[in-house]
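See below for the structure under consideration.
By convention here, the first residue in the shown sequence is residue 1. Keep in mind that what you see is a predicted model, and the values were worked out from it rather than measured. Below, each value reflects all heavy atoms present in this structure, side chains not excepted, and no hydrogens, waters or symmetry copies.
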Amino acid sequence: MSQRQMQGQPMIILGEDSQRMKDKDAQSHNISAARAVAESVRSTLGPKGMDKMLVSSLGDVTVTNDGVTILTEMDIDNPTAEMIVEVAEAQEDEAGDGTTTAVSIAGELLKNAEELLEQDIHPTAIIKGFDLASTEAKNQIGEIATSVEPDDEALLKKLAETSMTGKGAELNKELLAQLIVDAVNAVTVEAEDGSVIADLEFLNIETQTGRAVSDSELIEGAVVDKDPVHEEMPTTVDDADVLLLDTPIELDETEVDAQLSVDDPSQLQNFLDKEEEQLEEMVDAIAATGANVVFCQKGIDDMAQHYLAKEGILAVRRAKKSDIEFLREVLGANIVSDVHNATADDLGHGSVRRDTEEELFYVEGEGDDAHGVTLLLRASTDHVVDELERGVQDALDVVASTVADGQILAGGGAPEVELASRLRDYADGVEGREQLAVEAFADALELIPRTLAENAGLDSIDSLVDLRAAHEGGDVQAGLDVYSGDVVNTLDEGVVEPAHAKRQAISSAAEAANLVLKIDDIIAAGDLSTSGGDEEGGPGGAPGGMGGMGGGMGGMM
């Protein structure tokens with residue numbers, strides 16, 4: 001085709017059914033999707049935050065105000081929205097708490113960025129300004145943070161109580177805070193370089209319904225919610241030699257179907273006798289190790305149960321994999337995958353006690369190799385105990401990270417207002433349009449105290465004005481008392497947050513906002529997998545993966 005024939009005719013490079021969104025349309029779409037995710041969890045922030053009820057397609061119900069739980073359980077069908085969910089997941093993994101804060105700041109950063117884009121400020125200038133502001137804010141956190149010693153129990157309790165406030169654990173937060181601090185102290189060790197580490201791998205959480213939350217307790221060792229496999233077995237073994245198995249005490253099933261013809265009943269009996277003989281050999285191999293307690297992750301044959309009872313061995317079957325792995329730490333045992341290869345060296349040592357009323361086994365180790373504690377949480381119903389566990393897990397992560405980091409901040413929006421003030425001072429020294437982005441970052445941080453006020457039914461503007469005035473007067477720890485509406489020294493009031501979680505929240509929010517701002521073109525792609533295999537769906541399903549681009553959130557809910 002000649003050049004003259006091509007003039008005035010567009011070149012088509014995408015399929016007829018492909019979808020594409022460019023420039024400001026793409027940016028506006030992405031920002032709207034990200035903001036919608038952030039706004040969906042904003043009402044859960046703070047002591048007066050509300051809960052969300054999540055109902056799955058199967059009718060399962062979860063009632064929670066935990067940000068990461070809400071976002072991961074929501075049926076989100078938009079690629080940009082999923083990026084913001086990743087912010088919450090990263091915050092949960094790195095800090096254990098502050099997910100709602102991180103997501104809310106990310107949404108507000110994008111809102112402020114959109115206003116700058118409308119002023120024809122290029123995205124790269126905004127991104128650079130956000131990077132400068134994020135780095136400066138994280139540096140300033142170290143300036144305003146307060147040091148805390150690992151053995152400062154009173155302050156660590158306040159930290160745990162602040163984390164649980166507004167969650168299902170709040171009503172009994174004083175008792176639970178003490179249990180949490182005791183649990184973290186029990187698994188805190190000193191590293192070779194002299195630093196202190198709280199290793200939560202040696203802490204297990206078990207839940208039980210039908211009791212009051214006030215009955216929760218910290219137990220030395222492990223708790224196993226199982227029954228003995230045979231009624232003739234002992235239920236308490238004080239001097240226990242424990243064998244941990246991740247293989248069944250059963251005969252292997254044949255992989256192919258086979259039919260055998262017998263012409264004499266004695267032949268059938270020989271088959272049965274041979275099976276019993278093999279099961280008895282497995283039990284003899286267990287007994288030969290000296291084990292008097294067996295925790296098995298898989299099944300135990302009825303005949304094997306009989307032989308174990310005859311040997312006086314306590315056996316538990318179908319224990320959870322996590323329980324088996326935790327028992328390995330508690331007892332200093334090895335997990336065995338072949339009964340016939342088990343030896344006395346694989347055994348763990350301690351005591352096993354059965355609480356018939358609670359229907360629980362309490363397992364306690366002995367010796368230098370044994371370590372581990374269990375936090376047994378009790379509540380009236382499954383929904384209550386699940387939310388209690390989420391709140392306690394967050395508080396555990398917060399206390400553990402603070403023991404290692406050694407820094408805390410005053411809560412109630414105090415660090416955000418102080419950082420915003422310092423960022424505005426810092427912006428005066430930033431040249432170019434990046435200065436506007438730094439100021440926009442400062443404005444975004446003040447979303448947190450504004451949201452705390454809104455969720456408490458207070459006037460957010462008045463509260464923010466009062467907080468700014470207090471910080472301009474030099475009160476770095478001035479935060480909002482959401483119960484009275486007054487501006488108070490929140491550190492003195494016992495409202496404290498971990499500095500590590502705040503740094504991570506600011507970092508994650510800035511990175512997510514910059515990732516979204518850098519996108520100026522959304523194209524329905526083919527198979528982007530790197531596995532090389534022909535997977536179902538392929539390029540034909542690509543437009544659906546756009547998450548309904550034209551519909552804002554793209555069917556997020």
Name the residue from [options] that meets the side chain to side chain contact (heavy atoms under 4.5 Å, CB included) definition with [X].
X	options	value
Leu159	Ile180, Val398, Val181	Val398
Ser104	Thr99, Leu109, Val37, Leu447	Leu447
Thr69	Glu387, Arg390, Glu92	Arg390

Can you pull out every salt bridge (charged side-chain N to carboxylate O under 4.0 Å, His left out) where at least one residue sits in [range]? Sequence neighbours excluded, please.
range	value
residues 442-456	Glu108-Arg450, Arg424-Asp443, Arg424-Glu446, Glu446-Arg468
residues 394-412	Lys167-Asp394, Asp405-Arg503
residues 45-71	none

Heavy-atom pair of closest approach, residues [X] and [Y]:
X	Y	result
Ile70	Leu54	CA-CD1, 3.7 Å
Asp246	Ser337	OD1-OG, 3.0 Å
Gly411	Thr490	O-OG1, 2.9 Å
Phe202	Val187	O-CG1, 3.6 Å

Determine, stepwise, if the pair Asp227 / Arg354 fulfils side chain to side chain contact (heavy atoms under 4.5 Å, CB included).
CA-CA 9 Å; Asp227 298 317; Arg354 173 74 173 170; 2.4 Å; yes
Ignoring hydrogens and geometry, is there a side-chain-to-backbone donor-acceptor pair from [X] to [Y] under 3.5 Å?
X	Y	result
Asp486	Val488	no
Ser216	Arg378	yes
His383	Val61	yes
Asp323	Val224	no

So, taking the atom named [atom1] in [X] and the one named [atom2] in [Y], what distance separates them when rounded to the nearest 0.5 Å?
X	Y	atom1	atom2	value
Ile506	Glu416	CD1	CD	7.0 Å
Thr101	Leu45	OG1	CG	5.0 Å
Ile84	Thr80	CD1	OG1	8.0 Å
Arg42	Ile105	CZ	CD1	10.5 Å

Could you check if a side-chain atom of [X] sits within less than 4.5 angstrom of a side-chain atom of [Y], using non-hydrogen atoms only?
X	Y	answer
Gln477	Thr146	yes
Val148	Val496	no
Val213	Leu175	no
Leu419	Ile144	yes
Glu174	Gln178	no
Glu325	Ile335	yes
Gln208	Asp225	no
Leu179	Leu375	yes

Side chain to side chain contact (heavy atoms under 4.5 Å, CB included) between Met50 and Asn65, worked out
CA-CA 7 Å; Met50 305 298 286; Asn65 71 355; over 6 Å; no
Could you please spell out the steps behind the side chain to side chain contact (heavy atoms under 4.5 Å, CB included) verdict for Gln91 and Val87?
CA-CA 6 Å; Gln91 180 72 18; Val87 173; 5.5 Å; no
Side chain to side chain donor-acceptor pair (under 3.5 Å) against Asp131, all qualifying residues, sequence neighbours excluded:
Asn514
Residue list, side chain to side chain donor-acceptor pair (under 3.5 Å) with Asp215, at least two apart or on another chain:
Arg211
With sequence neighbours left out, what residues match Phe130 under ring pair (Phe, Tyr, Trp, His ring centres under 6.0 Å)?
Phe441
Side chain to side chain contact (heavy atoms under 4.5 Å, CB included) assessment of Leu388 paired with Leu176:
CA-CA 10 Å; Leu388 178 69; Leu176 294 172; 3.5 Å; yes
Residue pair Lys298, Glu250: steps toward the salt bridge (charged side-chain N to carboxylate O under 4.0 Å, His left out) verdict
CA-CA 9 Å; Lys298 304 293 179 64; Glu250 298 173 334; over 6 Å; no
